[in-house]
Protein chains: 2
Amino acid sequence: MTEIEKTDNEQLILKAAEQEFLTKGYDGARTTSIAQKAGVTHAMLHYYFRTKKQLFDRIIEKTVETFKEAILAALGNPNMLFVDRLKDGIASQFDIMVANPLLPRFFLNATISSPELYDLLYERIASFVKVLIVDLQKEADAAAERGEIEKTDIQVLLITIMSLNVFPFIAYPFIGPVMGEMNPDREKFLAERKAENIELIMKRIIKQ
Amino acid sequence: MTEIEKTDNEQLILKAAEQEFLTKGYDGARTTSIAQKAGVTHAMLHYYFRTKKQLFDRIIEKTVETFKEAILAALGNPNMLFVDRLKDGIASQFDIMVANPLLPRFFLNATISSPELYDLLYERIASFVKVLIVDLQKEADAAAERGEIEKTDIQVLLITIMSLNVFPFIAYPFIGPVMGEMNPDREKFLAERKAENIELIMKRIIKQ
DNA sequence: AATTTGTTTAACAATTTTGTTAACGCAAAA
DNA sequence: TTTTGCGTTAACAAAATTGTTAAACAAATT
């Protein structure tokens, strides 16, 4: 075996594990299934990652970065004016969701089997978010002062944005069955949804 | 054992199973754990329900009714005028979520391990929803005609309502860690959220 | 009391899933 | 060439989880 192929097996397992864990969750994932997807014996999986839990932690480690990005995205670009910053932030977050549609479900699920995830999220994400919220709140207050927008609580607003941007991806499998195939075209559905979310927030904060 | 206790065993198992499945999902649930919670041997569980899957189906059967109620609730009371109907519907759905906070997660999770759930949801819920959407769309069109609200697509609106009303419950475990304990008082958080959701929808549809 | 019926228990069996080990192979270094 | 070390395989072991059974039991019916 050449060196490239060697290092590849570890990567193949990681890739297969990501797919397995993201679609089935920790409890539903099977190490044998991961090994099979990766095209290696399941002994190899244990050789490289020892236990299922350690392999899972590697996937968490990798995805938590994207998760963080997704949350921070909503807070927008600090160099833009408040309203534009917000529009841009909402759109950016939505785009990240489009690119990683399995992520929300995965994290919601992960909290069930690994409660220690809370601490990880806190140490990795909370500090950033807290600072940015304070910053954004100041801008919101200033914009409200100038009469551009209504007085707005950024924490409340952030939950609204997350709700609107994240829920459609979590619930996508339900939307068909429950609504009755109203959305044959995923692309179109997502484009409309993105525009609608921005519209909703704007109507909420812009002073009439 | 008295007679009351005897007949109760089946119920005790169902109750324990509901708690286990709702908090841990199908894959994470353990029949031994359910039996233990119910205070019976795990052989009893198999005596009454044969397999884990059959027990799970009983829980699905029970909870799908509440799930249906929750969705229909958002469509409001047909005897009310459009705007009031909507306000009332949003509030009602939110209240159902408060009363059944584990339900959304459970159903999102359940789709992973039982894909046949789609068919169940379709046959149980879709027919109702479809009719009510058509009904509500007519009312919305009429209200828009009268200049009371903006032209509104009810399917889009329904997804918005679900997003706003459901997401906070799914994500509740995250809100603390990520936002940094901004919500020490759950009651207060929920009351504010409910009002905010109604406000958001109203600002979106009411013609200024 | 004897019979029937449904319930309960404890021990066991089967299956699934995860984890381990010893032996083997191969490429690079000594 | 021998050695060293990592990667690989196959077979095995262990653990966890679900499912079964025979026998005991209890309550109601005859």
Side-chain angles (χ1 to χ4, degrees), chain A residues 1-61 106 109-110 112-117, chain B residues 1-61 106 109-110 112-117:
Chain A
M1 296 252 173
T2 74
E3 207 182 300
I4 299 161
E5 280 166 21
K6 262 191 197 171
T7 51
D8 252 14
N9 266 349
E10 189 170 350
Q11 293 305 315
L12 283 174
I13 295 171
L14 276 173
K15 202 173 161 186
E18 182 174 339
Q19 211 246 331
E20 179 89 357
F21 283 128
L22 259 68
T23 53
K24 301 188 186 169
Y26 180 79
D27 293 319
R30 297 291 169 250
T31 54
T32 46
S33 165
I34 292 170
Q36 203 178 332
K37 274 181 196 161
V40 302
T41 65
H42 83 279
M44 286 301 316
L45 183 147
H46 289 290
Y47 172 72
Y48 281 111
F49 302 99
R50 203 75 183 170
T51 67
K52 179 181 179 183
K53 186 61 167 51
Q54 277 186 49
L55 180 53
F56 181 71
D57 287 345
R58 290 285 295 271
I59 303 301
I60 286 281
E61 198 62 29
F106 173 65
N109 226 310
I112 292 173
S113 35
S114 44
E116 73 272 21
L117 188 60
Chain B
M1 297 242 176
T2 73
E3 203 184 302
I4 298 161
E5 282 167 20
K6 259 195 197 173
T7 51
D8 256 11
N9 267 349
E10 188 169 350
Q11 294 305 316
L12 283 174
I13 295 170
L14 275 173
K15 202 173 160 186
E18 182 173 340
Q19 211 245 332
E20 179 89 356
F21 282 128
L22 260 69
T23 53
K24 300 188 185 169
Y26 180 80
D27 293 320
R30 297 289 168 250
T31 55
T32 46
S33 165
I34 292 170
Q36 203 178 332
K37 275 181 196 161
V40 302
T41 64
H42 84 279
M44 286 299 316
L45 183 147
H46 289 290
Y47 172 73
Y48 280 110
F49 301 98
R50 205 74 183 168
T51 66
K52 179 182 179 181
K53 185 60 167 49
Q54 278 186 49
L55 181 54
F56 181 71
D57 286 345
R58 289 286 295 270
I59 302 301
I60 286 280
E61 199 62 28
F106 173 65
N109 227 309
I112 293 173
S113 36
S114 45
E116 72 273 21
L117 188 59

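Naming: A, B, ... by sequence-line order, numbering from 1 per chain. Note: hydrogens, waters and symmetry copies are ignored here, and every other heavy atom, side chains too, is used.
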**Student:** Quick check on C:dT8: is either OP1 or OP2 less than 4.0 Å from any side-chain nitrogen or oxygen of B:Tyr48?
**Tutor:** yes
**Student:** So if I take every side-chain heavy atom of B:Thr41 and compare against C:dT9, C:dT20, C:dG19, which nucleotide ends up nearest?
**Tutor:** C:dT9
**Student:** When you measure from the side chain of B:Lys15 to the backbone of B:Lys37, do you find a donor-acceptor pair of N or O atoms at a distance under 3.5 Å?
**Tutor:** no
**Student:** Within the 4.0 Å heavy-atom criterion, would you say B:Ala29 contacts the bases, only the backbone, or no part of the nucleic acid?
**Tutor:** sugar-phosphate
**Student:** Using heavy atoms and a sub-4.0 Å distance, could you list which residues of residues 16-27 of chain A are near DNA chain D? By number, please.
**Tutor:** none
**Student:** For the side chain of B:Arg30, starting at C-beta, report the closest nucleotide among D:dT18, D:dT9, C:dT9.
**Tutor:** D:dT18
**Student:** When the nearest nucleotide of DNA chain C is assigned to B:Val40 and to A:Leu45 on a heavy-atom basis, which residue is associated with the more 5' position?
**Tutor:** B:Val40
**Student:** Between D:dG19 atom C1' and B:Arg50 atom CZ, what is the distance in whole Å?
**Tutor:** 8 Å
**Student:** Name the closest nucleotide to the B:His42 side chain, picking from C:dT9, C:dT18, D:dG19.
**Tutor:** D:dG19
**Student:** Just to be sure I understand the rule, does B:Thr31 reach a base, reach only the sugar-phosphate, or reach nothing, if contact means heavy atoms closer than 4.0 Å?
**Tutor:** sugar-phosphate
**Student:** Quick check on C:dT20: is either OP1 or OP2 less than 4.0 Å from any side-chain nitrogen or oxygen of A:His46?
**Tutor:** no
**Student:** Under a 4.5 Å cut-off applied to non-hydrogen side-chain atoms, are A:Phe49 and A:Thr31 in contact?
**Tutor:** no
**Student:** Establish, yes or no, whether the cationic atom of B:Lys52 lies under 6.0 Å from the six-membered ring centre of B:Tyr26 and within 45° of the ring axis.
**Tutor:** yes
